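On a predicted model such as this, the values are computed, not experimentally measured, just so you know. Residues: numbered from 1 along the sequence shown.
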Amino acid sequence: MRSLRRRPRSRPVKTPLDDDDLLAEILLRLPPQPSSLPRASLVCKRWHSLASDRGFSRRFRIHHRDKPPVLGFFDGYSCDFQPTLEPPNRVPPGRFSLRGGFGDRTRSLGCRHGLVLIFDAERNQFLVWDPVIGDQRRIAIPSGLATRADKLLINGAVFRTGGYAHFQVVLTTADNDDKQRRRALACVYSSETGLWGDLISTPLPSEVPTSGYSVPTVVFPGKPSVLAGNSIYWMLIGNFNGILEFDLEKQSLAVIRVPERMLQFQFFMMRAEGGGLGLLLVTGSGIQLWKRNTDCDGVASWALGRTIELNKLLSLNSHTKIVIGFAEENNVVFLWACGPVFMVHLESLQFKKLFETNIVSEYQPFESVFTAETGIGGGNDAADILHHT
């Protein structure tokens with residue numbers, strides 16, 4: 001009698017998704033929305049293990065760092081966070097809450113690269129805060145300025161460097177002590193060295209006020225800085241109204257004049273289309289987008305790019321519109337129109353009405369990649385996000 005032989009079991013056919021490295025590359029390319037990784041983690045235990053890994057979450061954030069979504073905005077006066085995304089991507093407002101509170105002499109100076117820069121005038125310190133992972137770094141201002149900080153209006157900007165491993169803070173202020181030698185000052189702090197660099201200065205124009213009232217020129221903290229190309233820009237107001245430029249490569253300061261005809265309008269600095277410095281001018285029924293160009297001889301001029309009829313786009317009857325924020329990575333402007341607050345994408349002209357308010361504030365858009373698994377101490381961020389899925 002012939003013996004029966006068992007056929008060898010065929011090995012299961014492997015699919016591309018069985019390769020952990022390939023799966024990681026696929027998940028990295030999910031949209032940078034807060035619900036992306038929590039949803040992926042529900043597929044199976046293997047996907048959950050990868051999507052909830054802190055190292056992978058960091059890779060996910062770095063992969064999408066050049067085009068982060070606008071998660072919401074911080075109020076420049078209270079530093080309260082207001083989300084702007086819809087469920088299931090809406091981040092709970094309390095998730096980005098500053099530990100330690102917000103003092104009376106504390107002010108947020110702006111957000112960039114997922115960091116918030118805050119100046120504490122009581123302690124003469126900057127606070128650099130990463131709301132996503134909760135890190136905070138306090139930095140005392142240079143001793144040479146700290147001794148007379150009560151006479152200075154401190155401003156600044158923050159940005160990441162070294163592949164996002166480090167950051168720098170550029171402190172700016174206007175020194176009006178010597179009326180014959182008014183000047184703008186800047187100093188750069190590096191988290192890599194933990195040190196401030198040398199003080200950099202440039203003369204401020206000595207303008208004669210036409211109103212008869214002399215108002216010292218200051219680096220205005222009511223409008224956040226703009227990073228465009230290799231320079232950071234701030235608004236100057238007072239006897240002289242213009243723009244202060246800090247060149248990151250040359251480590252130098254320069255003053256930029258704004259044409260008198262443009263000063264008659266409400267204007268807001270922005271990153272121009274195609275790069276470089278731009279201005280957004282608010283007119284009666286819309287906005288104008290201007291760009292600063294420099295010719296081969298180094299002569300700069302302003303050119304009108306586009307005009308957007310906001311009243312038609314947003315179906316508005318009011319001619320009163322105030323720019324209250326600008327998200328430079330997404331090219332999105334925040335507008336208050338006598339009650340309603342809008343987000344308008346300047347390229348696609350897509351818009352969204354956020355809410356209505358009678359209080360005009362300064363909104364500092366927060367652009368970052370938030371993955372729920374990065375919650376401090378293993379919190380329930382993923383559950384909060386998925387609750388709305």
For side chain to side chain contact (heavy atoms under 4.5 Å, CB included), just list the numbers for Lys223 and Ile237, CA-CA rounded to whole Å, side-chain angles, deciding distance to a tenth of an Å, and then say yes or no.
CA-CA 11 Å; Lys223 300 290 184 184; Ile237 65 168; over 6 Å; no
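- Once rounded to the nearest 0.5 Å, the distance linking CE of Met269 with CE of Met235 reads 6.5 Å.
- Crowding of Leu349 atom CG: a count of heavy atoms from other residues, nucleotides or ligands under 6.0 Å exceeding 12.
- Note on Phe351: it does not cluster hydrophobically with Val341, by side-chain heavy-atom contacts below 4.5 Å among ILVMFWY residues.
- The salt bridge (charged side-chain N to carboxylate O under 4.0 Å, His left out) search around Arg271 returns Glu328, Glu329, not counting sequence neighbours.
- The number of heavy-atom neighbours closer than 6.0 Å to CG of Asp295, taken from other residues, nucleotides and ligands shown, is above 12.
- Cation-pi geometry between Arg107 and Tyr77 is met: the NZ or CZ atom falls under 6.0 Å from the ring centre, inside 45° of the normal.
- Proximity of a side-chain donor or acceptor of Gln288 to a complementary backbone N or O of Thr283 within less than 3.5 Å is not detected.
- Of all heavy-atom pairs spanning Pro221 and Leu153, the tightest one is CD-CD2, 3.6 Å.
- Using a 4.5 Å heavy-atom threshold, the side chains of Phe326 and Leu346 count as touching.
- Residues Ile324 and Phe73 are not in side-chain contact: their nearest non-hydrogen atoms beyond the backbone lie 4.5 Å or more apart.
- Take Asn241 and apply the side-chain hydrogen bond (donor to acceptor under 3.5 Å, both in side chains) test, not counting sequence neighbours, and it matches no residue.
- Note that OG of Ser41 and CG of Asp53 are 12.5 Å apart. Values are rounded to the nearest 0.5 Å.
- In this structure, Phe246 CZ and Ser231 OG are separated by 9.0 Å, a value rounded to the nearest 0.5 Å.
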Distance-only check: which donor-acceptor pairs under 3.5 Å involve side-chain atoms of residues 154-162, not counting sequence neighbours?
unit_1, atom_1, unit_2, atom_2, d
Asn155, ND2, Val219, O, 3.3
Asn155, ND2, Phe220, O, 3.0
Arg160, NE, His113, O, 2.6
Arg160, NH2, Asp130, OD2, 3.0

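- Side-chain contact between Pro205 and Val255 is present, with heavy atoms from C-beta onward closer than 4.5 Å.
- Distance check, rounded to the nearest 0.5 Å: CD of Glu362 to CG of Asp75 gives 8.0 Å.
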Give the C-alpha distance, both sets of side-chain angles, the deciding distance and a yes or no for side chain to side chain contact (heavy atoms under 4.5 Å, CB included) between Arg112 and Leu117.
CA-CA 8 Å; Arg112 183 173 293 109; Leu117 182 65; over 6 Å; no
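- By the side-chain hydrogen bond (donor to acceptor under 3.5 Å, both in side chains) test, Asp150 pairs with no residue at all, sequence neighbours left out.
- A single hydrophobic cluster is seen to contain both Tyr233 and Val218, as judged by linkage of ILVMFWY side chains at heavy-atom distances under 4.5 Å, directly or through other members.
- Partners of Glu367 under the side-chain hydrogen bond (donor to acceptor under 3.5 Å, both in side chains) rule, at least two apart in sequence or in another chain, are Asn330.
- Here the side chain of Gln364 pairs no donor or acceptor atom with the backbone of Pro224 at under 3.5 angstrom.
- The closest side-chain heavy-atom distance from Ile243 to Leu277 is below 4.5 Å.
- Put simply, Leu314 and Val333 are part of the same group of oily side chains (I, L, V, M, F, W, Y) that touch within less than 4.5 Å, one to the next.
- The closest side-chain heavy-atom distance from Ile308 to Val344 is not below 4.5 Å.
- With contacts defined as side-chain heavy-atom distances shorter than 4.5 Å, the pair Cys79/Trp129 qualifies.
- Side-chain atoms of Asp20 and Arg46, non-hydrogen and from C-beta on, do get closer than 4.5 Å to each other.
- The ring-ring contact (aromatic ring centres under 6.0 Å, His included) test applied to Phe96 returns Phe81, Phe366, Phe370, not counting sequence neighbours.
- Environment of NZ in Lys151: sparse, with no more than 12 heavy atoms of neighbouring residues, nucleotides or ligands closer than 6.0 Å.
- Using modelled atom types, one side-chain atom of Lys352 and one backbone atom of Thr84 make a donor-acceptor pair closer than 3.5 Å.
- Leu127 contributes atom CG, which lies 5.0 Å from atom CZ of Arg138 (distance to the nearest 0.5 angstrom).
- Between the side chain of Arg61 and the main chain of Val132, no donor-acceptor pair closer than 3.5 Å is present.
- Defined by atom type and a distance below 3.5 Å, a donor-acceptor pair is present between the side-chain atoms of Asn89 and Ser35.
- Arg59 meets the salt bridge (charged side-chain N to carboxylate O under 4.0 Å, His left out) test with Glu25; sequence neighbours excluded.
- Residue pairs meeting the side-chain hydrogen bond (donor to acceptor under 3.5 Å, both in side chains) criterion with at least one partner in residues 185-205, sequence neighbours excluded, are Arg137-Tyr189.
- Hydrophobic clustering of Ile, Leu, Val, Met, Phe, Trp and Tyr side chains at less than 4.5 Å, counting indirect connections, keeps Leu115 apart from Val226.
- The side-chain hydrogen bond (donor to acceptor under 3.5 Å, both in side chains) test applied to Asn293 returns no partner, not counting sequence neighbours.
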Derivation of the side chain to side chain contact (heavy atoms under 4.5 Å, CB included) call for Phe342 and Leu310:
CA-CA 11 Å; Phe342 293 93; Leu310 284 179; over 6 Å; no
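- Contacts of Arg148 classified as salt bridge (charged side-chain N to carboxylate O under 4.0 Å, His left out), with partners at least two apart in sequence or in another chain: Asp175, Asp177.
- Pairs engaging residues 251-292 under the ring pair (Phe, Tyr, Trp, His ring centres under 6.0 Å) rule: none recorded [sequence neighbours left out].
- By the rule that hydrophobic residues join a cluster once side-chain heavy atoms approach within less than 4.5 Å of another member, Ile62 and Leu27 end up as members of separate clusters.
- Asn331 has its side chain within reach of Met270: a pair of non-hydrogen atoms, C-beta onward, lies under 4.5 Å apart.
- Rounded to the nearest 0.5 Å, atoms CG (Leu253) and CG (Asp247) are 9.5 Å apart.
- For Ala272, the side-chain contact (heavy atoms from CB on, under 4.5 Å) partners are Lys291, not counting sequence neighbours.
- Taking a 6.0 Å sphere around CZ of Arg181, one finds it holds 12 or fewer heavy atoms contributed by other residues, nucleotides or ligands.
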Using the side chain to side chain contact (heavy atoms under 4.5 Å, CB included) rule, take Leu30 and Leu37 through it: C-alpha gap first, then chi angles, then the decisive distance, then the call.
CA-CA 8 Å; Leu30 289 173; Leu37 292 187; 4.2 Å; yes
